[in-house]
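Whatever order the structure lists ligands and atoms in, that order sets their numbers, starting from 1. Please read all numbers here as calculations on a predicted model, not as lab measurements.
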Amino acid sequence: MLVRKPLIAGNWKMFKVVGEAVATIEALKPLVADVGGVDIVVCPPFTALYAAGQALRGSAVELGAQNVYKEAKGAFTGEIAPQMLLDVGCAWAIIGHSERRKIFGETDALLSEKLRFAVDTGLKVMFCIGETLEERQGGQMNDVLSRQVGEGLAKLSASDFERVALAYEPVWAIGTGVTATPEQAEEAHAYVRDLVRRQFDATIAEGLRIQYGGSVKPDNAAQLIAKPNVDGFLVGGASLDARDFAAIVKAGAGG
Ligand code: 13P
């Protein structure tokens, strides 16, 4: 059976100035230095990326950005190109976070273009999907996930999946302290994997890492990662603390 290497990423959102980011990374590095069999990523805000990248040199922890634009250069005030992220040491970008979708109005069509361009440029991408509480309670969860996966991945072809992971982040679990139960996460992840199987093929679906995100903490990570379709985490609040994030990384690596 194919083994998917767990992917544990910290999304720092709009937290930490440069000094704080570097201090967090310096604290994190020794805590995870001996943890094997797992990919680890930290995603500081743009302003701290260069310094974070320098602090991560020689470490297995990779650097990621929280957003990226779909053009290489030009008159796009306030936007950042994938080439610029690679230039400061990023290997990864998060695309389609629910906060980008909701607060900044990013559509499935835009996100699919961002994903296509980022992958073309050489970034690896964590592509986020997930339903709101209203959508779940209204019985629309599967439809929402189906639309987000169908449209979001529409521009990809088979070979792109080496560079793509999905992050299932139910909006009702983000920053709320309400974590999806392992059973809820497993159900959604299995559904999403089946969507990918139908849109592409079984090999791609089986190889695709699907992270869970939404109030992941050191004390719930082990139960979540134990589920067969949960292949890692995208951690918000708990990733701001080096000890908590390291504990989640260790849980993700199997204890
Ligand atoms: P929390 O872990 O703070 O719930 O955030 C999850 C998230 O949005 C990660 O991208």
Side-chain angles (χ1 to χ4, degrees), residues 6-16 20-21 24 28 38-46 48-49 52 61-68 85 90-106 111 114-115 118 123-133 135-136 144-145 148-149 152 164-182 184-185 188-189 192 209-225 227 230-252:
L7 171 60
I8 317 292
N11 172 11
W12 291 2
K13 307 194 179 181
M14 199 172 76
F15 292 97
K16 296 188 189 290
E20 294 166 332
T24 304
L28 178 66
V38 57
D39 289 332
I40 310 169
V41 186
V42 291
C43 303
F46 286 127
L49 284 176
V61 178
E62 294 182 293
L63 187 66
Q66 300 170 20
N67 186 24
V68 63
L85 298 180
C90 288
W92 289 89
I94 297 169
I95 292 179
H97 192 280
S98 61
E99 288 149 17
R100 299 295 323 167
R101 293 175 185 265
K102 178 160 186 283
I103 305 170
F104 302 100
E106 296 193 2
L111 295 172
K114 287 187 175 199
L115 176 58
L123 283 171
K124 296 181 276 190
V125 174
M126 291 173 266
F127 189 80
C128 303
I129 55 173
E131 82 288 356
T132 65
L133 187 61
E135 289 163 344
R136 175 174 275 257
V144 169
L145 294 176
Q148 292 174 336
V149 170
V164 175
L166 293 185
Y168 170 65
E169 298 204 306
V171 179
W172 47 271
I174 294 177
T176 58
V178 180
T179 317
T181 64
Q184 286 172 320
H189 286 218
V192 168
R209 293 184 288 186
I210 306 177
Q211 301 162 284
Y212 168 79
S215 298
V216 176
K217 307 291 177 202
D219 63 4
N220 58 31
Q223 300 95 290
L224 286 160
I225 201 78
K227 291 295 179 188
V230 176
D231 308 315
F233 301 119
L234 185 51
V235 187
S239 73
L240 296 170
D241 180 272
R243 286 182 171 278
D244 284 353
F245 186 56
I248 292 168
V249 167
K250 285 175 192 163

| task | Flag yes if more than 12 heavy atoms outside Phe46 fall under 6.0 Å of its CZ atom; otherwise flag no. | result | yes

| said: Parallel, tilted or perpendicular: which one describes the rings of Tyr212 and Phe233, with boundaries at 30° and 60°? | reply: perpendicular

List every atom of ligand 1 that sits less than 4.0 Å from any heavy atom of [X], numbering the atoms from 1 in the order shown and giving each element.
{"X": "Ala173", "result": "4 (O)"}
{"X": "Asn11", "result": "9 (C), 10 (O)"}
{"X": "His97", "result": "7 (C), 8 (O), 9 (C), 10 (O)"}
{"X": "Ser215", "result": "1 (P), 2 (O), 4 (O)"}
{"X": "Gly237", "result": "1 (P), 2 (O), 3 (O)"}
{"X": "Gly214", "result": "4 (O), 6 (C)"}

| query | Quick one: does Val41's side chain get under 4.5 Å of Leu7's, heavy atoms only? | reply | yes

| query | Quick one: does Glu99's side chain get under 4.5 Å of Met14's, heavy atoms only? | reply | no

| remark: Of Glu169, Lys217, Gln211, the residue with the heavy atom nearest atom 9 (C) of ligand 1 is Glu169

Is there a polar contact between ligand 1 and [X], counting only N or O atoms under 3.5 Å apart?
{"X": "Gly175", "result": "yes"}
{"X": "Glu99", "result": "no"}
{"X": "Gly236", "result": "yes"}

| message | Can a side-chain donor-acceptor contact be found between His97 and Glu169 if the only test is distance below 3.5 angstrom? | response | yes

| task | Could you point out which residue of Thr179, Val178, Ile174 forms a side chain to side chain contact (heavy atoms under 4.5 Å, CB included) with Thr176? | result | Val178

| At their closest point, which heavy atom of Leu115 faces which heavy atom of Gly152, and how far apart are they? | CD2-O, 3.4 Å

